[in-house]
Amino acid sequence: MNTIDFQQKLLAWFDVCGRKDLPWQRNITPYRIWLSEIMLQQTQVITVIAYFEAFTKKFPTVDALAHAPVDEVLGLWSGLGYYARARNLHKSAQIIAEQGYFPNTLEALVALPGIGLSTAGAIMSIAFQKRQPILDGNVKRVLTRFNAISGWPGQAEVNKTLWAVSADFTPIDRVADYTQAIMDLGATLCTRSKPQCVRCPVNTACLARLTDTVAVLPTPKVSKKIPVKHVTLLLLHNAAGHVLLEKRPSLGIWGGLWSVPEFSCLQSAHDWCVINNINIVKQHTLTTKRHTFSHYHLDYTPVLMCVDDVDNCVMDTEQNLWCTVEHTRSLGLAAPIKRLLQQHFKQRE
DNA sequence: CATGCGTGGCT
DNA sequence: TAGCCAAGCAT
């Protein structure tokens with residue numbers, strides 16, 4: 001099976017089984033394709049849909065996005081994760097608005113913050129109908145299996161090979177459909193676990209299937225033990241029901257976002273009676289949450305505390321503020337903290 | 001090249 | 001269930 005056959009079989013399958021009614025597949029514009037590609041980075045389709053709808057409703061054009069305050073952009077992004085994507089999106093929108101036109105070359109696209117080779121390739125092929133390969137997780141899975149390419153795809157040598165193969169397989173005609181098709185194949189049939197090879201349009205020539213190595217491709221990265229990081233998050237509220245928030249440092253977890261104050265250094269509950277000269281009159285643990293990241297688990301115990309005589313407290317208004325749960329929605333507040341606060345105030349109602 | 005970055009789903 | 005992964009990019 002040559003590349004022409006591969007393309008034809010894949011496209012014929014796409015015409016029948018491909019996804020063609022996703023929000024960003026309607027009213028296709030470079031802006032909408034760009035936005036969808038950014039949201040879809042390391043994020044599944046089902047998660048993105050609602051965010052995409054809300055985002056495009058609020059910011060229908062690049063100009064609208066460019067002229068919005070960054071906090072408003074982060075607010076709409078809240079819960080989607082990888083918040084640098086939102087900041088880069090906003091920054092890029094301002095650059096594009098300044099230029100007066102949407103960049104339509106690979107070089108110009110890659111020059112924008114948040115756009116790498118794969119995202120640029122997707123925009124070029126889907127929005128501009130230009131022959132340009134992509135190499136996302138789906139394509140890596142399909143190509144490593146179809147060609148029985150072993151070795152962890154993150155490895156430079158393997159990565160280089162995969163880009164070359166992807167470029168070789170990418171057609172000139174119907175390049176937008178092809179790009180969508182190979183991603184659909186990876187997302188719906190050529191999945192990591194339980195791939196449905198029987199339904200695959202190119203299964204007769206798939207080298208992994210012929211050599212019975214589908215289950216071990218792509219080669220997984222050698223994993224190492226993930227350390228656990230423990231922190232304590234304080235949920236401080238005053239008599240008016242306002243919650244104390246602090247703006248987190250720009251580096252590290254939830255960088256630049258608003259969250260409840262963190263006290264990871266406290267050793268025992270007895271230490272919590274006086275914090276920032278605020279008298280704590282009551283405290284109890286709400287729940288314990290855990291999040292998994294690439295290289296560590298984050299264990300945090302949110303602690304509910306009431307404070308009295310708030311008017312006499314000295315607060316740093318530059319880095320801290322008292323705000324209501326409603327306010328948190330426009331602050332790009334880290335999603336788990338937002339949920340915690342909303343749950344807390346729901347119980348109070 | 002390794003690491004950091006979020007959240008949710010799957011096995 | 002605890003680990004792994006999902007439409008990557010920046011540093």
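This structure is a prediction, so every number in the text was calculated from the model and none was measured. Proteins get letters first, then strands, A, B, ... in listed order; numbering begins at 1 in each.
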**OP:** Provide, to the nearest angstrom, the distance between the CH2 atom belonging to A/W34 and the C1' atom belonging to C/dC9.
**Re:** 14 Å
Original post:
Do we see a donor-acceptor contact under 3.5 Å between the side chains of A/Q41 and A/T119?
Top reply: yes
Original post:
Under 3.5 Å, is there a donor-acceptor pair between the side chain of A/Q7 and the main chain of A/F169?
Top reply: yes
**OP:** Nearest whole angstrom, please: distance from the P of C/dC9 to the CH2 of A/W77.
**Re:** 13 Å
Subject >> Touch class at under 4.0 angstrom, heavy-atom based, for A/W24 against every strand present >> reply: base
Original post:
If only side-chain N and O atoms of A/Y82 are considered, is one of them under 4.0 Å from the OP1 or OP2 phosphate oxygen of B/dG4?
Top reply: no
**OP:** Could you work out the separation of C/dC5 and B/dA2 based on their P atoms and round it to a whole Å?
**Re:** 16 Å
**OP:** Quick one: label A/R87 by what it contacts on the DNA or RNA (base, sugar-phosphate, nothing), any heavy atom closer than 4.0 Å.
**Re:** nothing
**OP:** Give one of base, sugar-phosphate or nothing for A/L89, where a contact means two heavy atoms less than 4.0 Å apart.
**Re:** nothing
**OP:** Look at all strands and tell whether A/G79 reaches a base, only sugar-phosphate, or nothing, counting heavy atoms closer than 4.0 Å.
**Re:** sugar-phosphate
Original post:
Could you give the NZ-to-P distance, from A/K140 to C/dC9, as a whole number of Å?
Top reply: 9 Å
Original post:
Can you find a side-chain donor-acceptor pair between A/D184 and A/Q180 that sits under 3.5 Å?
Top reply: yes
Original post:
What does A/A156 touch in the nucleic acid at a heavy-atom separation under 4.0 angstrom: a base, only the sugar-phosphate, or nothing?
Top reply: sugar-phosphate
Original post:
Starting at NZ of A/K221 and ending at P of B/dT3, how long is that distance when rounded to a whole Å?
Top reply: 6 Å
Original post:
Using atom P of each nucleotide, how far apart are C/dC9 and B/dG8 to the nearest Å?
Top reply: 22 Å
**OP:** Using the closest heavy atom to pick a nucleotide of DNA chain B for each, name whichever of A/G81 or A/K194 lands nearer the 5' end.
**Re:** A/G81
Original post:
Hey, does the Lys NZ or Arg CZ of A/K20 hover above the aromatic six-ring of A/F14, less than 6.0 Å from the centre and inside 45° of the axis?
Top reply: yes
**OP:** Using atom CG of A/D136 as one end and atom C1' of C/dC9 as the other, report the distance to the nearest whole Å.
**Re:** 14 Å
Subject >> Student check: side-chain heavy atoms of A/R174 and A/L10 closer than 4.5 Å >> reply: no
**OP:** Take the protein atom CD of A/Q41 and the nucleotide atom C1' of C/dC5, then report the distance between them rounded to whole Å.
**Re:** 16 Å
**OP:** For B/dT3 versus C/dC4, give the span between their P atoms, rounded off to a whole number of Å.
**Re:** 15 Å
**OP:** Look at A/R85 and B/dG6 and indicate whether a side-chain polar atom (N or O) is within less than 4.0 Å of OP1 or OP2.
**Re:** no
Subject >> Length of the CD-P vector between A/Q42 and B/dG6, whole Å >> reply: 12 Å
Subject >> Length of the line joining A/I134:CD1 and C/dC9:P, which is rounded to integer Å >> reply: 10 Å
Subject >> N/O donor-acceptor pair, side chain A/T43 with base B/dG8, under 3.5 angstrom >> reply: no
Original post:
Reckon A/E157 touches a base, only the sugar-phosphate, or nothing at all at heavy-atom distances under 4.0 Å?
Top reply: nothing
Original post:
Mapping A/G114 and A/V45 onto DNA chain C by nearest heavy atom, which one lands closer to the 5' end?
Top reply: A/V45
**OP:** Indicate yes or no: at least one non-hydrogen side-chain atom of A/Y51 is less than 4.5 angstrom from one of A/T43.
**Re:** no
Subject >> Closest nucleotide among B/dT11, C/dG8, B/dA2 to the A/S193 side chain >> reply: B/dT11
**OP:** Mind checking A/I115 for me? I need base, sugar-phosphate or nothing, with any heavy atom below 4.0 Å counting as a touch.
**Re:** sugar-phosphate
